[in-house]
Structure formats: structure tokens, C-alpha cells
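When reading the values below, keep in mind they use all heavy atoms of this one structure, side chains included, and skip hydrogens, waters and symmetry mates.
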Amino acid sequence: MENDIKDAVILAARLLLAALFLIFGWRKLTDYSGTVKRMVQDGAHFPVPATAVALFMELPVAFAVAVGAFTRPSAALLALYTLGTALIAHHYWTMTGAKKVDSLESFYKNLSIVGGFLLLCITGAGKYSIDALLGW
């Protein structure tokens with residue numbers, strides 16, 4: 001019973017962590033030109049490749065986490081990606097006023113998400129996953 005609860009919590013964690021990326025990844029895909037413009041605004045030196053990386057990380061990699069396939073490497077990739085987005089898009093230390101406060105909050109929310117992905121790297125996908133079905 002205790003293991004079933006643990007596995008259910010891991011499933012919930014995977015779904016909750018992935019949901020953010022899947023929702024915003026879909027938005028990036030359906031507004032590709034707007035996403036490229038946002039990359040320019042955020043200071044990405046190569047906005048088109050940056051958009052491609054974002055789409056890859058936020059759609060297939062996040063989907064892999066959600067379904068529990070290749071969970072540990074996918075979670076590691078998303079941890080690195082999320083840390084990168086915090087440093088690139090939420091550099092509150094260069095801002096002032098309300099923009100600084102908003103960016104500071106987003107920066108530390110990203111760090112919290114990184115922590116969730118790191119825990120997932122350690123725990124693995126749990127029983128309710130493709131990884132478990134394949135015996136990984």
C-alpha cells in the first residue's frame with residue numbers, strides 16, 4: 001500500500017511538472033513567429049535555433065516525462081533547460097521596479113521546478129510509467 005501511494009505521488013509529480021511545459025510548448029508551436037519574437041526580446045543570440053530547442057524540450061521531452069518514458073534523462077534535460085531559461089529570460093539582477101519583482105519570482109519558480117526534476121532523476125518514473133512496463 002505504501003509503495004502504491006509513493007508511485008501515485010510520483011505519477012502526479014511527473015504530470016504536474018510536465019503540464020507547464022506541454023501547455024506553453026503547444027502555445028510556442030501554434031504561435032511560432034511570436035515565439036521567435038519573444039526569443040529576440042529575451043536576448044537570445046540565435047532566436048530561431050533557440051525556438052527549436054524550446055519546442056523540442058517543451059513538447060517531446062516533457063511528454064516523455066509525463067508518460068514516464070526515458071524519465072531520468074528527460075528529467076535531467078528539463079532541469080538543465082529550466083535552469084537555462086531562468087538565467088536567460090529572468091535575469092532580475094539587471095532589472096528595476098515591477099519588472100525586477102516579476103522576474104525575480106519567475107527565476108525562483110524556475111529553480112523550484114529544477115528541484116522537482118532533479119528529484120525525478122533520483123526517484124525515477126515509478127510503477128505507473130512506460131519505463132516500468134519496459135523494466136527500466
Give the minimum heavy-atom separation between [X] and [Y], together with the two atoms involved.
X: A66; Y: L15; value: O-CD2, 3.6 Å
X: A62; Y: L78; value: CA-CD1, 3.8 Å
X: C121; Y: R72; value: O-NH1, 3.0 Å
X: A18; Y: V65; value: CB-CG1, 4.4 Å
X: G124; Y: I10; value: O-CG2, 3.5 Å

Taking [Y]'s backbone N and O only, do any of them form a donor-acceptor pair with [X]'s side chain (distance below 3.5 Å, no angle check)?
X: S103; Y: K99; result: no
X: D42; Y: A89; result: no
X: T82; Y: A79; result: no

Applying a strict under-4.5 Å side-chain criterion to I, L, V, M, F, W and Y, I'd like to know whether [X] and [Y] cluster together.
X: Y92; Y: L111; result: yes
X: L87; Y: L80; result: no
X: V40; Y: I88; result: no
X: L22; Y: I130; result: yes
X: I113; Y: L120; result: yes

Pick out which of V53, L55, V48 makes a side chain to side chain contact (heavy atoms under 4.5 Å, CB included) with T51.
L55
So which of V67, V61, L59 actually passes side chain to side chain contact (heavy atoms under 4.5 Å, CB included) with F63?
V67
Could you list all the side-chain hydrogen bond (donor to acceptor under 3.5 Å, both in side chains) pairs where at least one residue sits in residues 14-36, not counting sequence neighbours?
K28-E58
At what distance, to the nearest 0.5 angstrom, does [atom1] of [X] lie from [atom2] of [Y]?
X: S112; Y: L17; atom1: OG; atom2: CG; result: 10.5 Å
X: K100; Y: W93; atom1: NZ; atom2: CH2; result: 10.5 Å
X: L16; Y: L11; atom1: CG; atom2: CG; result: 9.0 Å

Within a strict 4.5 Å, meaning less than it, do heavy atoms of the K127 and N3 side chains meet?
no
Verdict with supporting geometry, H90 and N110, side chain to side chain contact (heavy atoms under 4.5 Å, CB included)
CA-CA 9 Å; H90 305 300; N110 275 27; 3.8 Å; yes
Neighbour count >12 (heavy atoms, 6.0 Å) for atom CZ, F107:
yes
For Y128, does the OH atom sit with more than 12 other heavy atoms under 6.0 Å from it, leaving out its own atoms?
yes
Does the ring center of F117 lie less than 6.0 Å from the ring center of F21?
yes
Check side-chain hydrogen bond (donor to acceptor under 3.5 Å, both in side chains) between D131 and all other residues, then give those that pass, not counting sequence neighbours.
T71
